Amino acid sequence: TEIYNIAIDGPAGAGKSTIARSVAEKLHFVYVDTGAMYRAMALHFLRMGITPTDEAAISQATKDVKVTISYENGEQQVILNGENVSGLIRTGEVSDMASATSVYMPVREKLVELQKELARKENVIMDGRDIGTCVLPDADLKIYLTASSRVRAKRRFAQLKDNQGEFTLEDIEKDIIERDNRDMNREHSPLKQAEDAILLDSSSLPKKMVEERILELFLERK
Ligand code: C5P
């Protein structure tokens, strides 16, 4: 039987994970969140007290670490050296470290290998920054999902309701722009739209419509 792969790339906060998760549910595909893998690696580097500029230490630590995923009630869990760290990777500290350390080739190679292997075995919808360009160049459908930095900052702000006091919308937008710049301008596998990817902008389109469009596009191609 044929295996189908869908790639979704785009900047932080464009709605990739929510949309990919729900498309996966409709198609009975496995949703693979690759950002969670970079976050688990980052948590490991933080725990080891490694500075994000210390490339040698990061390369060595990457060799010694094991990151895998599993599924619990359909939700992806990320496992770091046997420990389920899914609940520990959504902090600002881990976000910053993931963004800073995803620039290194050894880190990327290790995770890309795992991602390719997952996509060979199962129908997946995978989201990240380099899925259409590097991880799954032959994906059946590639989407580049974006939104204005202001819209993405507003969404992030709403998610942070609990401790909104600490940050202003401007702080969050600045942080988002900084992370985008780092992802788009790095040497290895920068974030960019693959030539054969379809551009969707979620600033003006409600999530439901983005989702329907992706389903439609996939069914046309399959
Ligand atoms: O998507 P998420 O915000 O969880 O990703 C965390 C960081 O991991 C991103 O800022 C990006 O630098 C990196 N990343 C990447 N390639 C991917 C997925 C994430 O470089 N495929």
Side-chain angles (χ1 to χ4, degrees), residues 5-21 24 30-46 52-53 55 58 62 65 67-69 75-80 85-119 124-137 139 142-147 149 151-153 155-157 159-160 172-194 197 202:
N5 290 166
I6 301 177
I8 303 195
D9 291 297
K16 297 187 300 290
S17 60
T18 315
I19 287 165
R21 194 177 275 116
V30 174
Y31 165 51
V32 181
D33 168 4
T34 64
M37 301 174 188
Y38 288 91
R39 288 169 181 271
M41 286 285 233
L43 177 65
H44 180 65
F45 302 141
L46 283 169
T53 47
E55 189 172 356
I58 286 173
T62 301
V65 76
V67 172
T68 54
I69 59 166
E75 272 294 299
Q76 177 185 300
Q77 309 293 310
V78 60
I79 317 294
L80 171 65
V85 294
S86 308
L88 304 173
I89 56 170
R90 301 290 160 192
T91 65
E93 196 188 16
V94 172
S95 295
D96 290 345
M97 191 66 168
S99 165
T101 55
S102 65
V103 304
Y104 299 118
M105 210 50 217
V107 174
R108 306 205 65 82
E109 273 172 352
K110 182 151 189 157
L111 298 181
V112 167
E113 193 186 324
L114 167 65
Q115 292 154 15
K116 286 188 176 201
E117 189 188 309
L118 291 164
V124 298
I125 175 161
M126 188 176 283
D127 79 5
R129 304 292 188 288
D130 61 337
I131 311 306
T133 51
C134 295
V135 181
L136 306 176
K142 297 180 186 178
I143 301 291
Y144 191 84
L145 184 65
T146 188
S149 60
V151 164
R152 293 184 287 126
R155 287 184 193 146
R156 191 60 32 106
F157 192 62
Q159 284 168 0
L160 291 174
I172 292 173
E173 187 173 7
K174 225 180 96 201
D175 186 64
I176 280 184
I177 292 171
E178 216 172 277
R179 274 178 66 189
D180 288 353
N181 284 338
R182 201 149 40 186
D183 287 343
M184 289 171 174
N185 296 310
R186 69 180 172 219
E187 183 186 355
H188 305 298
S189 322
L191 168 65
K192 67 165 187 228
Q193 186 180 343
S202 74

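Order of appearance sets the numbers: ligands from 1, and atoms from 1 within every ligand. Computation of the quantities below employed the complete heavy-atom set of this structure, encompassing side-chain atoms and omitting hydrogens, waters and symmetry-equivalent molecules. Keep in mind that this is a model prediction, so the values were computed, not measured.
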Peer 1: Between R186 and S102, do the side chains contain a donor N or O and an acceptor N or O under 3.5 Å apart?
Peer 2: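 There is such a pair (donor and acceptor under 3.5 Å, judged by atom type) between the side chains of S102 and R186.
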Peer 1: For the residue pair S202 / R155, report whether a side-chain donor-acceptor contact shorter than 3.5 Å exists.
Peer 2: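 Yes, S202 and R155 have a side-chain donor paired with an acceptor closer than 3.5 Å.
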Peer 1: About how many Å separate CG of N181 and CG of L191, when rounded to the nearest 0.5 Å?
Peer 2: 10.5 Å
Peer 1: Please determine if K16 has a nitrogen or oxygen closer than 3.5 Å to a nitrogen or oxygen of ligand 1.
Peer 2: no
Peer 1: So does D175 pair up with R156, basic N to acidic O under 4.0 Å?
Peer 2: no
Peer 1: For atom 1 (O) of ligand 1, what is the closest protein heavy atom, and at what distance to 0.1 Å?
Peer 2: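 Protein heavy atom at minimum distance: R129 NH1, 3.0 Å.
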Peer 1: Please identify which atoms of ligand 1 are closer than 4.0 Å to at least one heavy atom of S99.
Peer 2: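 This gives 10 (O), 12 (O) as the contact atoms.
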Peer 1: Taking only heavy atoms of S102 into account, list the atoms of ligand 1 that are under 4.0 Å away from them.
Peer 2: 11 (C), 12 (O), 13 (C), 20 (O)
Peer 1: Show which atoms of ligand 1 fall inside a sub-4.0 Å distance from at least one heavy-atom site of R39.
Peer 2: 2 (P), 3 (O), 4 (O), 6 (C)
Peer 1: Considering heavy atoms of the protein only, find what lies nearest to atom 7 (C) of ligand 1 and give residue, atom and distance to 0.1 Å.
Peer 2: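 Of every protein heavy atom, A98 CB, 3.9 Å lies nearest to atom 7 (C) of ligand 1.
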Peer 1: When you check the side-chain N and O atoms of R182 and S99, is any donor under 3.5 Å from an acceptor?
Peer 2: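 Note: R182 and S99 side chains meet the donor-acceptor criterion.
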Peer 1: Which residue holds the protein heavy atom closest to atom 18 (C) of ligand 1, what is that atom called, and what is the gap in Å?
Peer 2: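 The protein heavy atom lying closest is T34 OG1, 3.4 Å.
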Peer 1: If you measure from each heavy atom of R186 to ligand 1, is any distance below 4.0 Å?
Peer 2: yes
Peer 1: Just which atoms of ligand 1 are under 4.0 Å from any heavy atom in R108?
Peer 2: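 Under 4.0 Å from R108, ligand 1 has these atoms: 15 (C), 16 (N), 20 (O).
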Peer 1: Got a sec: does the NZ of K110 have more than 12 other heavy atoms crowding it under 6.0 Å?
Peer 2: yes
Peer 1: Minimum heavy-atom separation for R152 to A12, with atom names?
Peer 2: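 Shortest heavy-atom separation between R152 and A12 comes out as NH1-O, 2.6 Å.
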Peer 1: Are any of the N/O atoms in D183 less than 3.5 Å from those in ligand 1?
Peer 2: yes
Peer 1: Search all heavy atoms of K16 against all heavy atoms of G128 and return the closest pair with its distance.
Peer 2: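 For K16 and G128, the tightest heavy-atom pair comes out as CE-O, 3.5 Å.
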Peer 1: Using distance alone, determine whether R179 and ligand 1 share an N or O pair under 3.5 Å.
Peer 2: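 Indeed, backbone or side chain, R179 has an N or O that close.
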Peer 1: Could you tell me the residue and atom name of the protein heavy atom closest to atom 8 (O) of ligand 1, and the distance to it rounded to 0.1 Å?
Peer 2: Y38 CB, 3.5 Å
